[in-house]
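In what follows, a structure is listed as structure tokens, so that the remarks can point back to it.
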Number of protein chains: 2
Amino acid sequence: MYSDSTKKMKTGREAVQKGRPREFDAEMALDKALHVFWERGYEGTSLTDLTEAMGISRPSLYAAFGNKEELFRRALDRYAEKGPGSVHAEALAEPTARKVVEHLLRSVASSVTDPCHPAGCLAVQGALTCSSAADSVKQELTKRRLEGEENLRRRFERAKAEGDLSPQCSPESLACYVITVTQGMSVQASGGASRADLLAVVDLALKAWPV
Amino acid sequence: MYSDSTKKMKTGREAVQKGRPREFDAEMALDKALHVFWERGYEGTSLTDLTEAMGISRPSLYAAFGNKEELFRRALDRYAEKGPGSVHAEALAEPTARKVVEHLLRSVASSVTDPCHPAGCLAVQGALTCSSAADSVKQELTKRRLEGEENLRRRFERAKAEGDLSPQCSPESLACYVITVTQGMSVQASGGASRADLLAVVDLALKAWPV
DNA sequence: CTATATATGTACCGAGTGGTACGGATATAG
DNA sequence: CTATATCCGTACCACTCGGTACATATATAG
């Protein structure tokens, strides 16, 4: 999934590599790691879970990805760029605020219930709570969620400037509302909600319009 | 918090106890445990975190509460009955469907941002994801969340029968929508959203009315 | 060929996990 | 008093955690 033409994973490596070549596909291994983190969360995933899913040994994992936390961040980047995280950017490109919201909510409803991958959204499931040892991961996820909300708010501000949104509408509150619904859908999906359930939720959420 | 007149924690104990009396207050210790689980989740909380917060030794904890999972379930019961979980029952008692939803959403917005206790809702934060070892806890939380949604759905069915809700309204979808918003607010609160933020979200969520 | 660089598999490390054995302390029952 | 029941604190258990040392295998550079 999310195939990519990039061959070398490590940053800024020269064209011709010396030494013994890697025997596994780092992109595929990263996808496997993403899948496990997505399902069990950062702390719920053990190194053994990872190496078994990725089909590589511990030293290979550390050589290729640094450590558990760096691997998680790589998985998170991949999720954001090539995975469901990319629906945010797509939605923001819609011509009107209303269409942005429709696109975003429907895409999220579909994505969090997609049987091809674990239920929910990695940014929510990854580490909603954790031990103190994993606080940095939790903060990173919080930051990313806030960034998504900020981007949406800015899109609404633009819409307001364009007359696409009424003057008494608060872009901040509207963005918070929409993101709240998406995060709630992530929890619902992890609890077994179906795609039809969530699409009905989206229809109700959209009844808040016009805002 | 949530003071209770019950003195004996163990089930069905006779009035006069023999042996050395317990030196700690089991109710208070349970509240402390609840607080830690609430903040770090089931697996993010270690036995050491618990015993330090409760001010008791490991063997005392095991003698009084069985084991970590039983302690968690006790904390969950306490949360549901004496803590924020009780707002569900209160909300259901409102005379109209609309007022039920208003009450529930506003109460949750306040509760998940209450500075007196950890952010969010225990049923969401407790174990949204976990290792395979804690699957039973995750399932228990999922079950409790679903029960809350079922109760709300039944309340809406009653409202529909009473003519309080329009005939084309789906009680199931409406309940799913409302619970989705509450769960989203739990995630938002754990990400630092303020009470004002969430009350604005509630106002927008209520604009879906009339349903 | 040799030298160098990287990857791999085994086998291990210290620390932390949930959980408990056991002996001594403190209450009631008789 | 003794007997019994419960609690408490120390000190420990087996197990898993994330992470690594080291020897070996396999590639390129010269």
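All figures in this text were calculated on a predicted structure; none of them were measured in a lab. Here is the naming used below: chain letters follow the sequence lines, and residue numbers restart at 1 for every chain. Quick note: numbers below take in every heavy atom, side chains included, and nothing from hydrogens, waters or symmetry partners.
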ask   = If you count the non-hydrogen atoms of other residues, nucleotides and ligands that lie under 6.0 Å from CD in B:Glu157, is the total more than 12?
value = yes
ask   = With a non-hydrogen cut-off below 4.0 angstrom, is A:Ser131 in contact with a base, only sugar-phosphate, or nothing?
value = nothing
message = Between C1' on D:dT16 and CD on A:Glu52, what's the gap in Å once rounded to a whole number?
response = 13 Å
inquiry  = So, under a plain 3.5 Å distance rule, would you say the side chain of A:Arg58 forms a donor-acceptor pair with the base of C:dG9?
reply    = no
task = Tell me, yes or no, whether the heavy-atom count around A:Lys207 atom NZ, taken from other residues, nucleotides or ligands under 6.0 Å, exceeds 12.
result = yes
Rounded distance (Å) that lies between atom P of C:dG9 and atom CE of A:Met54 = 14 Å
query = Nearest-Å distance, OH (B:Tyr42) to C1' (C:dT17)?
reply = 12 Å
inquiry  = Rounded to whole Å, please give me the gap between CZ in B:Arg40 and C1' in C:dG16.
reply    = 15 Å
Short heteroatom pairs, N/O only, protein and nucleotides 24-29 of chain C, under 3.5 Å:
from   : atom 1 : to      : atom 2 : distance (Å)
C:dA25 : N3     : B:Arg20 : NH1    : 3.1

query = Can you check the A:Leu50 CG to D:dG19 P distance for me, whole Å?
reply = 11 Å
query = Does the side chain of B:Cys169 reach to within under 4.5 Å of the side chain of B:Leu174, using non-hydrogen atoms?
reply = yes
key: DNA chain D: 5'-proximal contact among A:Ser46 and B:Phe24 (nearest heavy atom)   = B:Phe24
inquiry  = Quick check on C:dA7: is either OP1 or OP2 less than 4.0 Å from any side-chain nitrogen or oxygen of A:Ser60?
reply    = no
inquiry  = Can you measure A:Ile56 atom CD1 to C:dT6 atom P for me and round it to whole angstrom units?
reply    = 18 Å
ask   = Is there side-chain contact between A:Met54 and A:Leu71, with at least one heavy-atom pair below 4.5 Å?
value = yes
ask   = What does B:Thr45 touch in the nucleic acid at a heavy-atom separation under 4.0 angstrom: a base, only the sugar-phosphate, or nothing?
value = sugar-phosphate
key: Pairwise distance NE2(A:His117) to OG(A:Ser111) - rounded to 0.5 angstrom   = 4.0 Å
task = Ignoring backbone atoms, test whether A:Ser57 places a side-chain nitrogen or oxygen under 4.0 Å from the OP1 or OP2 oxygen of C:dG9.
result = yes
query = B:Asn67 side chain: which of C:dG19, D:dG19, D:dT10 is closest?
reply = C:dG19
task = Report yes or no: is the cationic atom of A:Arg58 (NZ for Lys, CZ for Arg) under 6.0 Å from the centre of the six-membered ring of A:Tyr62, at an angle within 45° of the ring normal?
result = no
message = Within 45 degrees of the ring normal and closer than 6.0 Å to the centroid, is that where the cationic atom of B:Arg74 sits relative to B:Phe72?
response = no
note = When rounded to whole Å, the CD to P distance for the pair B:Glu43 and D:dC17 reads 10 Å
ask   = Counting side-chain heavy atoms from CB outward, which of D:dG18, C:dA7, D:dC7 is closest to A:Arg22?
value = C:dA7
task = Rounded off to whole Å, could you give me the OH-to-P distance for the A:Tyr62 and C:dC12 pair?
result = 19 Å
